[in-house]
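Shown next, in structure tokens, is the structure this report addresses.
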Amino acid sequence: MVEWTEFERATIQDIFSKMDYESVGHNALTRCLVVYPWTQRYFAKFGNLYNAAAIAGNPFVAAHGAVVLRGLDTAVKNMDNIKAAYAELSVLHSEKLHVDPDNFRLLADCLTIVVASTLGSGFTAEVQAAFQKFLAVVTAALRKQYH
Ligand code: HNI
């Protein structure tokens, strides 16, 4: 089981309690699709992903970004058992969506960049360490049901 310090717990709760899921989710998923264009293949039904402007303006990208953030909210509420909380989501990404699990890390990195730019100087090295530890646990849990 993952051990969390009081600082890590407080930091994660604080970041997510102040976060605007709609805009952060939208911006993180947009970055992921622009910076790592191969991730677009999973979202063919979203329509126009032709260039950065089309991706940023695509309402399905915006909506799905918020879905991903609400998915992360489940992890925030279950910090002591993220693996169990994500068992179903992991099966979905593996068996139904066939998402290459390397991509979880890429989206997590885009999310870190968006959160860093939102928090500015508040995103200290210690805050970054806590946030990235949380995302590493999340991505490990999402990988768990892959075989
Ligand atoms: Ni992901 C659906 C959470 C990474 C491709 N994804 C979901 C849903 C949640 C979710 C929640 C909705 C499930 C449901 O309908 O029951 N995804 C997450 C989280 C991460 C993540 C928390 C990592 C931080 N997903 C990724 C990545 C990709 C991805 C990296 C591909 C590059 N996800 C999808 C696709 C769907 C999806 C595709 C289905 C979309 C749809 O509308 O059908």
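Atoms within each ligand, like the ligands themselves, are counted from 1 in listed order.
Between Arg70 and Glu22, at least one side-chain nitrogen of the basic residue sits less than 4.0 Å from a carboxylate oxygen of the acidic one, meeting the salt-bridge criterion. A salt bridge does not link Arg105 to Asp100: none of the charged nitrogens lies less than 4.0 Å from a carboxylate oxygen. Taking the charged nitrogens against the carboxylate oxygens, Asp80 and Arg9 do have a contact shorter than 4.0 Å, which makes a salt bridge.
Residues Val68 and Leu107 are in side-chain contact: their nearest non-hydrogen atoms beyond the backbone lie under 4.5 Å apart. Looking only at side-chain heavy atoms (C-beta outward), Ile12 and Lys133 stay at 4.5 Å or farther from each other.
Closest heavy-atom approach to atom 22 (C) of ligand 1 among the candidates Leu72, Thr39, Leu29: Leu72.
Within ligand 1, counting atoms from 1 as listed, the ones closer than 4.0 Å to a heavy atom of Leu142 are 19 (C), 20 (C), 23 (C). Annotation for ligand 1: atoms under 4.0 Å from non-hydrogen atoms of Tyr42 are 31 (C), 32 (C), 38 (C).
Each ring pair (Phe, Tyr, Trp, His ring centres under 6.0 Å) pair with one or both residues in residues 63-84, not counting sequence neighbours, appears once here: Phe43-His64, Phe46-His64.
In this structure, a donor-acceptor pair under 3.5 Å is absent between the side chains of Asn103 and Tyr36.
Judged purely by atom type and a 3.5 angstrom limit, Asn78 has no side-chain atom pairing as donor or acceptor with the backbone of Asn81. Put simply, the side chain of Ser90 gets close to the backbone of Leu142: a donor and an acceptor are under 3.5 Å apart.
If you look at atom 1 (Ni) of ligand 1, the protein N, O or S atoms less than 2.8 Å from it are His93 NE2.
Contact analysis leaves Glu88 out of contact with ligand 1, as no non-hydrogen atom separation drops below 4.0 angstrom.
Considering backbone and side-chain N/O atoms, Lys45 comes within less than 3.5 Å of an N/O atom of ligand 1.
There is a protein heavy atom less than 4.0 angstrom from atom 1 (Ni) of ligand 1.
Counting protein heavy atoms only, atom 5 (C) of ligand 1 is closest to Phe43 CZ, 3.4 Å. Closest protein heavy atom to atom 30 (C) of ligand 1: Asn103 O, 3.3 Å.
Residues Phe104 and His93 place their aromatic rings such that the two centres sit under 6.0 Å apart.
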